[in-house]
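Here the structure is a predicted model, which is why all the values come from computation and not from measurement. Basis for what follows: all heavy atoms, side chains included, without hydrogens, waters or symmetry-related copies.
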2 protein chains.
Amino acid sequence: MDDTAGEIRPEDDGKPRRVRADAQRNLDALLRAAMAVFATSGVDAPVREIAEKAGVGIGTVYRHFPQRSDLIIAVFRQEVDACADAAPALAAAHDPGKALSRWMRRYLDFIAAKRGLAAALHSGDPAYEILPSYFQKRLVPALQSLLDTAAAAGVVRGGFAATDLLRAVAVLAAPSQEMGPEHGRRMVDLLLDGLRYGAGPSPGA
Amino acid sequence: MDDTAGEIRPEDDGKPRRVRADAQRNLDALLRAAMAVFATSGVDAPVREIAEKAGVGIGTVYRHFPQRSDLIIAVFRQEVDACADAAPALAAAHDPGKALSRWMRRYLDFIAAKRGLAAALHSGDPAYEILPSYFQKRLVPALQSLLDTAAAAGVVRGGFAATDLLRAVAVLAAPSQEMGPEHGRRMVDLLLDGLRYGAGPSPGA
DNA sequence: CACATATACGGAACACTGTTCCGTTTTTCA
DNA sequence: TGAAAAACGGAACAGTGTTCCGTATATGTG
């Protein structure tokens, strides 16, 4: 609600000193390093590896993220934000149908990269309990606006809930068997074709 | 294929010495202790805790199960076997409809107790790759025979794949939100009611 | 029954985690 | 310029899984 993207600062009030430049720089480096390491080695990667890749000491990691889960959560939120923010950008750059399909691909890639994170989410650790709601809060409006715009333009059917679509893709992207990434893409394309079926300029009948 | 239940011995060939009694006793105690601890604390419980509960040293655990995952796999296989073996037992003790519904409840309880294990399965550790196929190999025939018997008796519709039902229950039992165990039971009952709908002695029309 | 030996046991020791702590360094601002 | 606040770095701690080997014991034989 208060920090959606960009630099992260706790407060901007009448405090005399502002956040030190090196602190902000290290925080950014940490988030970037963590994102890369999590994508490569999963969320169980050692903290020391992330610290080394970011070029900082271990103490610095724990200064910014008191618990290991705080770092995971920060990366997750940042990636959710990036995915959500992609929606208006795509809507401005493409026609409604293309914007919708491109965003779905974007979302699919996001989910597919979150293998290990899904396991962490359901691990029972209460630290992660806030993530699903954040996921919904940011992504549902993003997709809903794309859906509404596309429906208004007559390229897809209206009246379809963004939540259902998000959940469907998330489940489809799960690698239960050794089905490659092709599978997820085909299923998402199929879902979109389903939305296009029966679309028309006038929503009624 | 070779050891379905009961005592576990690697070979029974012409070897002069048979398995030492204390070894077998400790192995049984370990499996029992591991099952209890996994159910209580999840599959991430410390090995030392299991060793202590079984009344053996840590070295003994690793003598029987060289890797931590071997112990998890052994417990899992044992519980899958128990669930699969319950099918013919229930079929012999109850009428087809009752046997089917009781087994589904039994299976639901099995799945519901495996929270942490599901996370381990999808952790990418190749040691667990054999488990899903074992799961299918043992459980699909068990449920299929119950389904066929019930269909032949006319209490449920025929032509329903056991695999789909197993997967559906496994997904429904997953605690994505904070829905209690009641939710899983209601959904399973609903699935069974669905199977009963339109059932009759003659499958055609 | 006594004994020799393969077998199994137990737990100290090792390697590697996440996390805490505090002396040192750097940045900020008067 | 200088002092204080802020942040840094990494040694040290606590708790994992795993290995190793001296010790204890069950087994089969004379």
Side-chain angles (χ1 to χ4, degrees), chain A residues 7-31 33-34 37-38 41-75 116 120 123 125 127-128, chain B residues 7-31 33-34 37-38 41-75 116 120 123 125 127-128:
Chain A
E7 73 174 12
I8 295 176
R9 293 183 289 173
E11 297 287 342
D12 211 1
D13 299 341
K15 293 291 181 64
R17 292 183 184 261
R18 58 180 206 265
V19 176
R20 273 172 54 165
D22 57 343
Q24 185 66 44
R25 203 180 329 123
N26 281 333
L27 197 152
D28 292 343
L30 269 175
L31 282 177
V37 170
F38 287 163
S41 312
V43 292
D44 288 334
V47 173
R48 284 167 177 78
E49 183 182 341
I50 296 166
E52 187 177 7
K53 190 173 187 89
V56 303
I58 308 169
T60 302
V61 181
Y62 279 89
R63 162 164 296 274
H64 290 291
F65 306 100
Q67 304 242 358
R68 180 194 164 66
S69 55
D70 294 327
L71 180 52
I72 295 175
I73 288 170
V75 169
S123 67
D125 189 328
Y128 299 112
Chain B
E7 73 173 12
I8 294 176
R9 292 184 288 172
E11 297 286 344
D12 212 0
D13 299 342
K15 292 291 180 63
R17 291 182 183 260
R18 58 182 205 264
V19 177
R20 273 172 56 165
D22 58 343
Q24 184 67 44
R25 203 180 328 122
N26 281 332
L27 196 151
D28 292 344
L30 270 174
L31 282 177
V37 171
F38 287 163
S41 311
V43 292
D44 288 334
V47 174
R48 284 167 177 77
E49 184 181 339
I50 297 166
E52 187 177 10
K53 190 171 187 92
V56 304
I58 308 168
T60 302
V61 181
Y62 279 89
R63 161 163 296 275
H64 290 292
F65 305 100
Q67 304 242 359
R68 179 194 165 67
S69 55
D70 294 328
L71 180 54
I72 295 174
I73 288 171
V75 170
S123 67
D125 188 329
Y128 300 111

Report task. Please say which of B/Ile73, B/Val47, B/Ile72, B/Leu31 ends up in a side-chain contact (heavy atoms from CB on, under 4.5 Å) with B/Phe65. Result -> B/Leu31
Roughly how many Å is it from [atom1] in [X] to [atom2] in [N], rounded to a whole number?
| X | N | atom1 | atom2 | value |
| --- | --- | --- | --- | --- |
| B/Arg63 | D/dT23 | CZ | P | 17 Å |
| A/Gln24 | D/dA6 | CD | C1' | 14 Å |
| A/Asp70 | C/dT20 | CG | P | 11 Å |
| B/Phe65 | D/dG17 | CZ | P | 15 Å |
| B/Tyr62 | C/dA8 | OH | C1' | 18 Å |
| A/Arg18 | D/dA5 | CZ | C1' | 14 Å |
| A/Leu27 | C/dT27 | CG | C1' | 17 Å |

Requested in this report: Compare the minimum distances between each of D/dG9, C/dC9, C/dT27 and the side chain of A/Thr60, then state the nucleotide with the smallest one.
Outcome: D/dG9
Within the pair [X] and [N], is there a side-chain N or O less than 4.0 Å away from OP1 or OP2?
| X | N | answer |
| --- | --- | --- |
| B/Arg25 | C/dA8 | no |
| A/Gln67 | C/dG18 | no |
| A/Asn26 | D/dC8 | yes |
| B/His64 | C/dC9 | yes |

For residues [X] and [Y], report the shortest heavy-atom separation together with the two atoms involved.
| X | Y | answer |
| --- | --- | --- |
| A/His64 | A/Leu27 | ND1-CD1, 3.5 Å |
| A/Ala29 | A/Ala54 | O-CB, 3.8 Å |
| A/Thr60 | A/Leu30 | O-CD1, 4.2 Å |

Query - Exam field: side chain B/Asp28 to backbone B/Arg25, donor-acceptor pair closer than 3.5 Å - result: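 Not at all, since once roles are kept as given, no pair shorter than 3.5 Å links the two residues.
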Requested in this report: Classify the side chain of A/Arg20 versus the base of C/dT26 as yes if they form a donor-acceptor pair under 3.5 Å and no if they do not.
Outcome: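 Donor-acceptor pair under 3.5 Å: yes.
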Report task. Starting from the 5' end of DNA chain D, give me the residue, B/Asp44 or A/Val56, whose nearest nucleotide shows up first. Result ->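 Of the two residues, A/Val56 wins.
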Query raised in the report: So which one's nearest nucleotide on DNA chain D is more toward 5', B/Val47 or A/Arg48?
Result: A/Arg48
Query raised in the report: Using a cut-off of 4.0 Å on non-hydrogen atoms, how would the nucleic acid contact of A/Ala21 be classed: base, sugar-phosphate, or nothing?
Result: sugar-phosphate
Query raised in the report: Considering heavy-atom distances to DNA chain C, does B/Asp22 or A/Ile58 have its closest nucleotide positioned more toward the 5' end?
Result: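 First, find each residue's nearest nucleotide; the 5'-ward one identifies B/Asp22.
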